[in-house]
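Some notes on the structure that comes next.
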Amino acid sequence: MFEPWGVFFILIICPLLGGLPLIAWITYALKRKQLSQVGTGNISVSAAFYHGGKIVGILAVLSEAFKGVAAVLLTRLFFPDGSFWELVALIALVIGRYWIGRGAGTTNVVWGFVVHDPLVAMFVSFFAGISLTILQSRKLVKFGVLLLFPLFVALLHFSDIPRIFAAVVLAGLMGWIYTKIPDDMKLPTQEAQTESQGMLEFLRGDGTMVSLDEELNAAIVGEKAATLSQIKRWGYPVPKGWVLAPIDDPLLTEFLQPSELSPLVVRSSAIGEDSFHSSAAGQYETVVNVTSPEALKAAIAQVQASYNHPSAVQYRRDRGLNDTAMAVLIQQQVQSVYSGVAFSRDPITQQGDAIVIEALPGSPTQVVSGKITPEQYRAFVVETENSYSVQLEGQGRVPQSLIKQVAYLAYRLEKRYHGTPQDIEWSYDGQTLWVLQSRPITTLLPIWTRKIAAEVIPGVIHPLTWSINRPLTCGVWGEFFTLVLGDAFGNGKAKRALGLDFTKTATLHYSRAYFNASLLGDIFIRMGLPPESLEFLTRGAKLSKPSLQSTWENLPGLGKLLKRELNLEKEFKEDYHKRFIPGLSELAQEDMDNLEPLKLLARIDFILELLRHGTYYSILAPLSAALRQAIFRVKDGQIDHSVTPEVAALRSLSAIATDAKQVLVEFEPQQVFEQLKQTPEGEKILQEFNELLQDYGYLSEVGTDISVPTWRENPQMIKQMFVQLMQGNEPQAGAKDAINSIFGGKRKRSFVQRRVDIKGRVTEVYSRLLAELRWSFVALEKIWLKSGLLRQTGDIFFLNFDEVRRLIVEENSSLIEQLDELVEFRRSQFLQDSEIIQIPLLVYGNTPPHPLAPSELYSDQILQGIGASHGQAEGRVKVLRNLQDIPEIDRDTILVVPYTDSGWAPLLLRAGGLIAEAGGRLSHGAIVAREYGIPAVMDVRGATWILQDGQRVRIDGSRGIVELSNDLRPE
């Protein structure tokens with residue numbers, strides 16, 4: 001009768017008991033220190049001794065011992081004494097201790113086991129004491145105990161199979177945790193509380209050095225050693241090596257016996273060296289050809305002393321780096337035949353996909369010394385699903401096959417580090433290509449990406465647009481990230497969000513929007529998600545495996561985010577009826593032409609407040625729809641996008657054009673609207689057309705850019721599309737049938753469809769608000785043009801919003817004096833940036849150079865993109881970079897565009913296919929293309945400059961490829 005409650009206690013209560021942060025509370029109460037934010041971040045007994053002193057440490061031992069004893073004794077309320085359930089309770093306790101409480105649970109298990117089986121505990125303690133005395137290796141004893149106690153359980157209770165099994169599981173769990181959690185005992189003893197230093201020195205006493213075969217902590221052994229350890233565990237060849245931590249005694253190296261036949265190399269691995277913040281290249285010593293124990297001792301001292309060399313100290317000061325400590329990396333020296341360095345991205349041009357390799361016969365020190373000019377190569381790696389190829393530029397004495405190996409090594413290591421450019425030192429001994437070092441190219445960080453940004457806010461951006469969009473977007477993303485990285489399980493809030501500046505989520509390069517891929521990747525990793533999660537949600541990219549521990553740590557935050565996703569429909573409907581509709585109605589009733597600047601500013605602030613709420617939904621709704629579509633595996637063709645404004649507008653426009661063709665059987669394209677005025681039926685058609693403009697006049701070529709005129713202001717394009725629709729070329733029959741089957745309501749609305757509908761409503765609200773914002777600024781500009789404050793139409797969009805506010809509220813005289821010069825300078829920069837056609841997809845660093853024509857290599861004249869709308873089409877290319885001059889389009893036209901926003905949608909009605917430089921399966925163009933059965937390939941890099949007007953191409957919207965032809969017909 002009690003057993004079900006016992007199982008509940010063990011599975012639910014014990015993990016919560018284990019996760020109870022008693023040590024953190026004790027340390028904070030007595031020392032005002034948060035253990036999660038100091039040292040290794042562990043909430044452990046050793047951390048309490050280290051950072052809190054003896055009293056705190058003793059209380060920590062008692063609190064954790066209490067948990068272990070309590071778990072065993074409370075289990076006995078439900079099960080017989082000594083049952084295997086007591087060990088299961090300890091397992092559950094340790095799970096909670098690790099995943100919630102951020103500790104290993106050693107004290108819990110020791111004292112819990114003493115109560116559970118005193119005899120086994122006595123035997124294990126006896127052998128552990130003897131082993132520590134003889135071996136003087138805490139690590140060996142720690143793992144040895146994990147082998148001993150299941151063995152003693154098996155010997156003393158050989159017939160109790162469940163107990164033996166539970167003991168093995170508990171030992172295995174503890175061993176796994178020991179490999180995952182940093183060891184507080186390896187922190188510098190001299191930095192511990194004075195009263196604890198003696199005890200820590202005694203307990204720490206490992207008699208061996210750590211090797212590169214182990215998982216190393218960069219905070220203890222430096223980035224260089226930790227990175228090489230990681231690369232070696234990934235399976236790449238790294239010379240065998242050992243690390244002398246800053247706290248280690250150099251006598252630990254006595255087991256190493258270098259000789260003429262087996263020389264060693266002694267290298268620096270300072271804390272902070274080879275990190276994202278600084279490379280410290282050339283600042284510290286490296287000693288090669290160490291061939292005797294005496295030379296090894298001298299080399300270690302030389303490397304350690306180089307940390308305090310005046311130039312190294314000045315280097316750290318110049319970069320605002322704290323003085324830390326120097327670990328020493330000792331490795332077997334490679335007998336190099338060829339050596340060199342490889343940059344996975346060109347650090348000079350800062351753009352393109354070229355891998356730069358420098359190589360020479362002999363030792364790698366020749367290359368990095370700068371005294372000998374190495375051979376230089378540029379390589380391009382083209383990888384497909386099952387194979388890869390490397391194409392080289394450059395020749396020399398180093399074998400081409402080896403350079404190709406080095407290029408692919410650099411390419412793979414960059415991918416392993418989530419796209420962070422790598423500076424790699426390598427050496428080849430005639431048989432093996434060895435990795436000697438890999439570090440981030442700090443001058444190429446952060447990485448800025450046009451992916452996603454080109455869809456959110458495409459095209460060249462005016463200062464006013466950016467000054468409004470950036471804080472809105474960054475603010476909402478910051479809210480989401482803070483929610484997930486918040487106070488999980490009551491600890492670690494500041495540590496997990498440490499160093500994250502959400503205001504740097506986006507920036508402008510070449511007057512185009514870029515997202516901070518480095519920051520987003522870091523945020524997603526801290527959230528326990530793959531670094532490319534955003535790209536997966538919006539574009540369907542492949543995902544890497546996230547860290548289980550990080551995911552678990554952020555479960556409370558992810559749960560809060562999930563709660564918001566589940567409440568999205570309810571919250572949006574409430575805001576839609578109580579906030580957005582009343583707000584839009586109030587704005588529509590206001591006569592802007594009669595408002596003074598202060599009243600217009602109040603109107604703008606009112607719209608911005610609505611937009612702040614709208615931005616939340618404009619980000620969460622598409623992500624929610626994409627996530628649900630991926631989870632439920634709903635195909636694109638099964639989704640109805642009729643609620644999306646541009647789709648609804650196109651359907652209405654197409655229907656009106658069909659009716660107009662019945663009224664005007666014969667017509668002149670240039671005279672259509674004049675001819676329609678001549679009959680009552682035609683007048684009705686015109687009335688319907690004007691109503692459509694009234695309903696959808698808030699749409700524009702770029703929906704998120706308030707500097708772009710709306711359809712209501714510039715209806716010429718819609719009129720032209722209307723005439724072209726009347727001229728024929730209806731959507732394909734197959735597409736019509738597909739549309740009718742979807743729009744006919746035959747398919748039940750799923751979880752995915754409901755989110756897509758919300759996304760459509762959000763797009764409508766957001767677009768209407770942005771249109772109202774634009775019209776408000778245009779009204780303000782008219783006043784300033786009339787007063788002479790501004791010179792010409794469009795000037796206001798070259799100011800930022802803070803400047804607009806200052807001109808209205810303060811009538812700032814200094815700003816007024818320099819206004820003409822400021823606007824002219826920004827206009828000139830804008831026009832200059834507008835002429836740049838070949839915009840790089842990725843920008844490395846904060847000061848990128850002028851874009852160069854990238855040396856892209858394509859295999860067999862095939863361009864690769866994202867298949868966004870099924871089907872195949874062959875036709876002639878028409879490159880269209882903007883909507884200023886709309887060409888004649890027919891089914892033989894393959895439109896090539898930089899991006900697709902709502903304003904581009906009407907063009908697709910008559911095209912045979914679509915190629916876009918930016919975008920994914922959920923972008924505006926992809927949705928419209930699927931609606932009308934038009935093949936579409938998105939995310940084709942450089943399409944608007946690689947492809948030429950009149951060139952014949954064949955596109956496959958299922959596989960996402962574009963096949964080029966040399967058949968070029970002059971336009």
Side-chain angles (χ1 to χ4, degrees), residues 384-385 451-452 454-455 535-536 538-542 625-626 629-630 633-641 644 646-647 650 729-742 756 858-880 889-902 904-944 946-947 951-965:
T384 60
E385 197 166 322
K451 287 185 178 182
I452 308 168
E455 296 175 61
E535 197 171 333
F536 161 73
T538 57
R539 302 162 53 77
K542 292 183 179 179
Q629 185 178 356
R633 299 189 176 183
V634 176
K635 295 181 179 179
D636 295 328
Q638 296 176 295
I639 297 176
D640 174 8
H641 290 282
T644 305
E646 58 266 32
V647 174
L650 286 179
N729 294 305
E730 288 294 309
Q732 300 170 13
K736 272 189 170 181
D737 293 340
I739 293 168
N740 289 335
S741 68
I742 294 172
V756 173
Y858 299 101
S859 176
D860 299 324
Q861 295 291 293
I862 292 177
L863 304 182
Q864 184 70 51
I866 295 175
S869 181
H870 296 302
Q872 298 176 345
E874 187 170 344
R876 298 281 179 180
V877 164
K878 183 60 188 178
V879 178
L880 195 61
I889 298 170
D890 56 31
R891 285 294 174 194
D892 190 50
T893 303
I894 305 296
L895 273 179
V896 181
V897 299
Y899 58 87
T900 54
D901 208 290
S902 54
W904 296 77
L907 295 176
L908 303 182
L909 286 171
R910 304 187 66 204
L914 172 68
I915 301 170
E917 286 185 321
R921 290 168 37 248
L922 299 179
S923 58
H924 296 277
I927 292 171
V928 175
R930 289 195 295 270
E931 294 289 336
Y932 288 91
I934 301 167
V937 181
M938 320 298 284
D939 195 37
V940 180
R941 296 176 62 179
T944 59
I946 293 173
L947 301 174
Q951 184 175 8
R952 198 155 191 86
V953 296
R954 185 174 184 273
I955 70 173
D956 188 328
S958 303
R959 294 191 294 158
I961 62 172
V962 179
E963 298 179 55
L964 281 63
S965 169

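Under the 4.0 Å criterion applied to side-chain N and carboxylate O atoms, Arg952 and Asp892 are assigned as salt-bridge partners.
Checking each of Val897, Val940, Leu895, Asp939 against Ile915 for a side chain to side chain contact (heavy atoms under 4.5 Å, CB included) leaves exactly one that passes, namely Val940.
Separating the CD atom in Glu963 from the CG atom in Asp956 is a distance of 7.5 Å, to the nearest 0.5 Å. Here the CD1 atom belonging to Ile955 is positioned 9.5 Å from the CD atom belonging to Gln872, to the nearest 0.5 angstrom.
Between Gln864 and Arg959, the shortest heavy-atom distance links the atoms NE2-O, 3.4 Å. When all heavy atoms are compared, the tightest approach of Gly957 to Val937 is CA-CG2, 4.1 Å. Contact between Gly871 and Ser958 at its shortest, heavy atoms only, is N-OG, 3.6 Å.
Taking the side chain as every heavy atom from C-beta outward, Leu863 and Leu964 approach each other to under 4.5 Å.
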- Query: Between Arg941 and Ile946, is a side-chain contact (heavy atoms from CB on, under 4.5 Å) present by the stated rule, with each step listed?
  - Reply: CA-CA 9 Å; Arg941 296 176 62 179; Ile946 293 173; over 6 Å; no
- Message: Would Gln629 and Ile639 count as a side-chain contact (heavy atoms from CB on, under 4.5 Å) here? Give the steps.
- Response: CA-CA 9 Å; Gln629 185 178 356; Ile639 297 176; 3.6 Å; yes
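A donor-acceptor pair under 3.5 Å is absent between the side-chain atoms of Glu917 and the main chain of Tyr899, judged by distance alone. Panel note: side chain Ser869, backbone Ile934; a donor-acceptor pair is recorded below 3.5 Å.
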